[in-house]
Amino acid sequence: MTVRLSYEDGTIRIEADEPLPPLPGVEHDDRGDVERAPAARYAEILNALEVAGLSVVDDVLDLPALSLSTDYRLREYQRKALEAWHENDDRGVLELPTGAGKTVIAIAAMAELGVATLVVVPTIDLLEQWVRELEREFEMPIGRFGGGTQKREPITVSTYDSAYLKADDVGDDFGFVVFDEVHHLGGEGYRDVARFLAAPARMGLTATFERPDDAHRVVEDLIGPKVYDVAVDDLAGEHLAPYDVRRIEVELTPEERERYENVQGTFVQYLRDSGLTLSSGSDYRKLVMRSGRDPRAREALLAKQEARRVMMNAENKRRELAEILDRHRDDRVIVFTAHTDLVYRLSERFLLPAITSETGTKERRETLERFREGTYSRIIAANVLDEGVDVPDANVAVVLSGSGSEREFTQRLGRILRPKDDGGRAVLYELVTADTAEERVADRRR
DNA sequence: TTGACTCAACATCCTTTGCTACAA
DNA sequence: TTGTAGGTTTCCATGTTGAGTCA
C-alpha cells in the first residue's frame, strides 16, 4: 500500500487506497473523504508510517537546500543546549536568561540544518533585531511578515500576529521554525501558528517557560518539551554580571493605611459573605465572572483594585526612590512601575525621562538612544520595557511596583545583567509596602 | 510615508482559613 | 495519620501590542 501526504491549509492530507493504521492526530474529514491532521503532526505521522513499513509519497514540503555558514563560536552552555535539542530530534524548548545569547544558538541551528526557516517574534522591535542579525550573519536578503511588509524569503522573520494571519498559507514553505519568547505560544490564538506549520524542526526560546495558567503544556505538545535550561545564577559572574536583590520595606502613611484597610476590608468581607475561597487564579476568574452580574462582587473587585493602587503607589516609596537615586548618582538606573499615571508623576518630580505605552515610536526610540549614549543616565517606565524591546544596559533597577509574575521579575532583572566593563555588581531594589498583600505578591514572583 | 485612530488579543488580576476525597 | 490535589469556561479594570483603516 502507498500513502500520499500533502499540505492543505494548515493540515496534512493523507490519502491511501487501504485502511490506515492509527496515526497521531489524524481524523477523518467527511468533506473530502480523506484523512487529515494538523500540520504540526507531520513529522510524527511520517515517523509512524515509516515504523509501519509503508511506502510514502511525500509532497508536503518542497524546500530548496540552503548553504549557510556562521562565524559564531558557541559558548559551552550554548553548545550543550544545541546538542540537547538535536538529541530530541530537533525539537524542544531552550530556557536561558536574558542576555545569555539565545539568538546565537538558533543561528547555529539554522546553519547546521540548512533549510528554509521561519523565525516568529512577539514585537516589531524584535523583528527588526532578528532581521539585522540574520542579514549580517548570512549575507542574504531576509524576508519579513509584519510591520506593514509581507515579503517571503528562504529565511523569514514574522510577528506572532502576522504569522497567525499567514500560517495556513505558508505552512509548507519552511522546514525549521524558531519561536522567540515561546511562552507567547500558549495564548489561545497564537497556538494555531505552530499548529498550521508543517516544519519538522522546531525550537522555542524563552527566559521563563512555565506559565501560571499551565499553557506551557500546550507548547510542549506543539514544539517539544524543555530540553535544556540554565539559571541566571549559573551564569552570573562569568557570562552575566553578578547581582544583588535588595528588598526594602516601607510603611504606609496613616492616611494610606486607613484607606488601604478600608478597601481591602470591603474585598475580604465580600469573600467571607459570599463563601468564595481564593486558592488559585481560576477562583479569581470565578469572582470576575460573578462581578458581571452581581453589583456587590463588582464593588469588591473595584475595592481590591483601589487597595492595590494604594499599596503600590505609597508615598514612602517615592521617598525611598529619592534616596536610591541620590545614592546611585553616578550609575545607570531604570525605574519600573505598574501604573502609567505614577510614571508621569515621578517623571515630573524627579525629572526622569519616561516611557509608557502612550509614548510614540519616535520619542521612545530617541529616549532609549539617549540612554544608550549616556545623555540620560536614568529612565522610568511602566511595563513597556519588560519584554521585546532592545533596552540599553543599566546597572541599577528599581522595582517600585510590579505584579506577582515571575516572568516580569526575571525580565526586569535581565535588564541589568549584561556584564560590566569594570566587573561591577548589579543591584535590583524591590520596594514593598509592609503589612499589605504586596508582601505576598513579591514572594510569589520569586 | 506618517500619524491618529479603532479593534482584537494577550497578560495580570489572589485570602490566611481550612472543606472533601484520596493517596502515601 | 498526614499531606495534597481537587474544580473552572467568558470578562470588573489596566497596560500593552500589532494589524488595519483613513486622511
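Every heavy atom of this structure was used, including side-chain atoms; hydrogens, water molecules and symmetry mates were not. A, B, ... follow the sequence lines: proteins, then strands. Residue 1 opens every chain.
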Ignoring backbone atoms, establish whether A:T340 has a side-chain N or O less than 4.0 Å from OP1 or OP2 of C:dG15. yes
In chain order, what residues pass the ring pair (Phe, Tyr, Trp, His ring centres under 6.0 Å) check against A:H339, with sequence neighbours excluded? none
Protein N or O to nucleotides 18-21 of chain B N or O, pairs below 3.5 Å:
none

Quick note, ring pair (Phe, Tyr, Trp, His ring centres under 6.0 Å) partners involving residues 157-176 of chain A, not counting sequence neighbours, are A:W85-A:F176, A:Y160-A:H184, A:Y160-A:Y190
Using the P atom as the point on both nucleotides, what is the distance between B:dC19 and C:dT9, in whole Å? 24 Å
For A:A198 versus A:V60, what's the shortest heavy-atom pair and its separation? CB-CG1, 3.9 Å
Quick one, which residues of residues 116-129 of chain A touch DNA chain C with a heavy atom under 4.0 Å? A:P122, A:T123, A:I124
Are the side chain of A:Y7 and the backbone of A:G10 linked by a donor-acceptor contact shorter than 3.5 Å? yes
Is the count of non-hydrogen atoms from other residues, nucleotides or ligands lying under 6.0 Å from A:D244 atom CG greater than 12? yes
Modelled atom types, side-chain donor and acceptor of A:R319 and A:N316, under 3.5 Å: yes
Here the distance between atom P of C:dT17 and atom CD of A:E408, to the nearest Å, is 13 Å
Between B:dT16, B:dC14, C:dT16, spot the one nearest the side chain of A:Y284, thanks. B:dC14
Can you confirm whether the side chains of A:T375 and A:E373 place a donor and an acceptor under 3.5 Å from each other? yes
Verify the contact: side-chain N or O of A:S403 to OP1 or OP2 of B:dC13, cut-off strictly under 4.0 Å; return yes or no. yes
Measuring only the C1' atom in each nucleotide, how far is C:dT10 from B:dA8? A whole number of Å is fine. 15 Å
From NZ of A:K286 across to P of C:dG6 the rounded distance in Å is 14 Å
Any base atoms under 4.0 Å from A:Q264, or only sugar-phosphate, or nothing? Heavy atoms, all strands. sugar-phosphate
Quick one: which protein N/O atoms are closer than 3.5 Å to N/O atoms of nucleotides 20-23 of chain C? Pair and distance per line, please.
none

I'd like to know if A:R309 pairs up with A:E306 as an ion pair, taking the criterion as any Lys NZ or Arg NE/NH1/NH2 lying under 4.0 Å from an Asp or Glu carboxylate oxygen. yes
Judged by atom type as modelled, is there a donor-acceptor pair below 3.5 Å linking the side chain of A:R191 to the main-chain atoms of A:A215? no
Is the closest basic N to carboxylate O distance between A:E255 and A:R259 below 4.0 Å? no
Sorted by number, the residues of residues 361-368 of chain A with heavy-atom contact under 4.0 Å to DNA chain B: none
Return each pair, listed once, that meets side chain to side chain donor-acceptor pair (under 3.5 Å) where at least one residue sits in residues 121-143 of chain A; pairs must be two or more places apart or across chains. A:T70-A:E137, A:Y72-A:E133, A:E128-A:R144, A:W130-A:D180, A:E133-A:R136
Within the pair A:S291 and C:dC11, is there a side-chain N or O less than 4.0 Å away from OP1 or OP2? no
Please state the C1' separation for the pair C:dC12 and B:dA11 - nearest whole angstrom. 16 Å
From the options C:dC11, C:dG15, C:dA13, select the nucleotide whose nearest atom is closest to the side chain of A:V288. C:dC11
Please measure how far the C1' atom in C:dT21 lies from the corresponding atom in B:dT1, and state the result in whole Å. 15 Å
Does CZ in A:R365 sit with more than 12 non-hydrogen atoms of other residues, nucleotides or ligands closer than 6.0 Å? no
Pick the C1' atom in C:dC11 and in B:dT17, then give their distance to the nearest Å. 28 Å
Contact residues, residues 304-313 of chain A to DNA chain B [heavy atom, < 4.0 Å]: A:K304, A:R308
Nearest to the side chain of A:R298, heavy atoms from C-beta on, is which of C:dT8, C:dT16, C:dC12? C:dC12
List the residues meeting side-chain hydrogen bond (donor to acceptor under 3.5 Å, both in side chains) with A:Q78, not counting sequence neighbours, and say none if there are none. none
Residue list, side-chain hydrogen bond (donor to acceptor under 3.5 Å, both in side chains) with A:Y376, at least two apart or on another chain: A:R370
The side-chain hydrogen bond (donor to acceptor under 3.5 Å, both in side chains) partners of A:R41 (sequence neighbours excluded) come to A:E44, A:D221
Span that lies between the P atom of B:dG18 and that of C:dG6, in whole angstrom: 23 Å
CD1 of A:I355 versus P of C:dG15: gap in Å, rounded? 16 Å
Provide, to the nearest angstrom, the distance between the CG atom belonging to A:D386 and the C1' atom belonging to B:dT12. 12 Å
Would you mind checking if A:E438 and A:K317 are paired as a salt bridge, meaning a charged N to carboxylate O distance below 4.0 Å? yes
Could you tell me whether A:R211 and A:D214 make a salt bridge, using a distance below 4.0 angstrom between a side-chain N and a carboxylate O? no
Is any side-chain N of the basic residue among A:R246 and A:E320 closer than 4.0 Å to the acidic one's carboxylate O? no
Give me, pair by pair, the N or O atoms of the protein and of nucleotides 7-11 of chain B that are less than 3.5 Å apart, along with how far apart they are.
| residue | atom | partner | partner atom | Å |
| --- | --- | --- | --- | --- |
| B:dC10 | OP1 | A:E188 | N | 3.4 |
| B:dC10 | OP1 | A:G189 | N | 2.5 |
| B:dC10 | OP1 | A:Y190 | N | 3.4 |
| B:dA11 | OP1 | A:R211 | NH1 | 2.9 |
| B:dA11 | OP2 | A:R211 | NH2 | 3.0 |

Using Watson-Crick or G-U wobble geometry with both distances under 3.5 Å, which nucleotide pairs with C:dT4? B:dA21
Among C:dC12, C:dT16, B:dT16, which nucleotide has an atom closest to any side-chain atom of A:L301? C:dC12
